[in-house]
2 protein chains.
Amino acid sequence: MYIAWMGHELEHKQQGAGVIDAQAAELVAETMQALSTPSRVRILAHLQEGPCSVTELAAAIGMEQSAVSHQLRVLRYLRLVVGERQGRNVLYELHDSHVGVLLEEALNHVAHLQIGHAAKELIP
Amino acid sequence: MYIAWMGHELEHKQQGAGVIDAQAAELVAETMQALSTPSRVRILAHLQEGPCSVTELAAAIGMEQSAVSHQLRVLRYLRLVVGERQGRNVLYELHDSHVGVLLEEALNHVAHLQIGHAAKELIP
DNA sequence: CGCACGAATGAACAGGCGATCATGTATATT
DNA sequence: AATATACATGATCGCCTGTTCATTCGTGCG
């Protein structure tokens with residue numbers, strides 16, 4: 001894959017983040033890209049329920065095993081999940097609680113918007 | 001469109017979003033895609049400082065006006081920003097506080113990861 | 001050992017996306 | 001009205017990315 005990692009270091013910005021530099025923006029973007037696809041969102045959401053093997057995931061979500069594996073690779077790379085072999089299977093789980101928080105925040109936001117006002121219509 | 005996950009007879013979910021359906025996943029993904037690009041992240045981060053016109057943004061971030069406008073269109077559509085005309089200019093600002101929270105959470109996560117473990121190495 | 005199962009990888013293809021260039025629209029100034 | 005400024009839109013083009021197909025690697029079991 002592409003995954004060419006540049007020697008990024010994150011400038012420690014205090015919260016109330018405000019203006020961030022290009023590097024930080026790139027990092028955030030890269031990480032958030034994990035949640036920018038329905039398949040990965042569903043994977044993560046399912047893993048929120050607890051550890052799970054690849055084929056279980058594939059079955060539960062309705063994707064091919066290969067596709068799931070490919071996405072898990074990305075999620076692994078982005079440190080959103082970790083996998084551990086157990087016999088024939090590999091059990092995946094969320095890397096830490098942060099991920100869950102992020103997901104919920106995202107869901108919160110979407111829910112809030114829906115309640116908010118009418119439809120986001122096609123932009124004139 | 002509406003959100004379906006909250007009403008689910010989701011067994012024992014205390015606080016979590018838990019398993020979400022395809023629709024919800026798609027919505028989340030769509031929204032999170034806003035943060036999946038450095039340009040938009042920088043735009044949002046800059047707007048966290050306060051309202052700002054398009055050309056100001058373009059200058060501050062170092063993008064072409066056209067590009068910024070295009071991205072703002074996306075952000076508008078996703079309800080992350082709102083724009084209001086004021087004379088010749090159009091002042092943009094974050095749609096609400098949720099957006100800021102989301103951004104900060106994202107930054108938090110990234111920062112946490114950096115501090116956390118060593119480098120995310122190339123995947124074997 | 002050989003075979004089946006689960007997972008990972010590689011190649012390739014199609015669709016989507018972000019940036020640029022060029023042009024159109026709105027508002028203010030003269 | 002004419003022009004300049006500020007923003008928006010449309011078209012086009014590379015690039016990236018998600019999926020599928022085929023294959024390989026790893027592991028337990030007969």
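Here is the naming used below: chain letters follow the sequence lines, and residue numbers restart at 1 for every chain.
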**Study point:** Test log, rule side-chain contact (heavy atoms from CB on, under 4.5 Å), inputs B:Y77 and B:E30
**Key:** CA-CA 11 Å; B:Y77 173 72; B:E30 193 185 19; 3.5 Å; yes
Practice item. List the steps, then state whether side-chain contact (heavy atoms from CB on, under 4.5 Å) holds for B:L103 with B:Q48. Key: CA-CA 9 Å; B:L103 246 178; B:Q48 227 174 8; 4.2 Å; yes
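At D:dA4, none of the side-chain N or O atoms of B:R88 fall inside 4.0 Å of OP1 or OP2 (strictly under the cut-off). Under 4.0 angstrom from either OP1 or OP2 of D:dG18 there lies at least one side-chain N or O belonging to A:T37. Contact between the side-chain N/O atoms of B:N89 and the OP1/OP2 oxygens of D:dC7 is found at a separation under 4.0 Å. An OP1 or OP2 oxygen of C:dA8 is reached within less than 4.0 angstrom by a side-chain nitrogen or oxygen of A:Y92. Side-chain N/O atoms of A:R40 include none lying less than 4.0 angstrom from OP1 or OP2 on D:dT19. For A:R76, no side-chain nitrogen or oxygen approaches OP1 or OP2 of C:dA7 to under 4.0 Å. Checking the phosphate oxygens (OP1, OP2) of C:dC5, no side-chain nitrogen or oxygen of A:T55 falls inside 4.0 Å. Residue A:R73 places no side-chain N or O under 4.0 Å from the OP1 or OP2 atom of C:dA7. Side-chain nitrogen and oxygen atoms of B:Q71 include none within less than 4.0 Å of the OP1 or OP2 phosphate oxygen of C:dC17.
The two residues B:A34 and B:L80 have their closest heavy-atom pair at CB-CD1, 3.2 Å. Smallest separation of non-hydrogen atoms from A:V68 and A:V54: CG1-CG1, 4.0 Å. Across A:A67 and A:M63, no two heavy atoms sit closer than the pair CB-CE, 3.7 Å.
The terminal axes of the helix from C:dC1-D:dG30 to C:dT30-D:dA1, fitted over 5 pairs per end, subtend an angle of 10° to the nearest 10°.
Considering only heavy atoms from C-beta on, A:L57 comes within 4.5 Å of A:L47 through its side chain.
As a whole-Å value, the separation of A:E84 CD from C:dG6 P is 18 Å. Here the P atom of nucleotide C:dA8 and the CG atom of A:L75 are 12 Å apart, to the nearest Å. One can place CG of B:L57 at 15 Å from C1' of D:dA8, the figure rounded to the nearest angstrom. What separates CG of A:L72 from P of C:dG6 is a distance of 16 Å, to the nearest Å. Between the P atom of C:dT25 and the CZ atom of B:R85 lies a distance of 14 Å, rounded to the nearest Å. Atom CD1 of B:I61 and atom P of C:dG18 are 14 Å apart (whole Å). Between the P atom of C:dG16 and the CD atom of A:Q33 lies a distance of 16 Å, rounded to the nearest Å. If you take CD of A:E30 and P of D:dC16, they are 13 Å apart, rounded to a whole angstrom.
Considering CG of B:L35 and CZ of B:R40, their distance stands at 8.5 Å, rounded to 0.5 Å.
Within 4.0 Å (heavy atoms only), B:E64 reaches sugar-phosphate atoms of the nucleic acid but no base atom.
Side-chain proximity of B:H70 to D:dA8, D:dA11, D:dG26: nearest is D:dA11.
Checked by atom type and distance alone, the side chain of B:R42 never pairs as donor or acceptor with a backbone atom of A:A25 at under 3.5 Å.
Counting distance only, with no hydrogens placed and no angle test, the side-chain atoms of B:Q65 and the base atoms of D:dA8 include a donor-acceptor pair under 3.5 Å.
Between A:S66 and B:S66, it is A:S66 whose nearest contact on DNA chain C lies nearer the 5' terminus.
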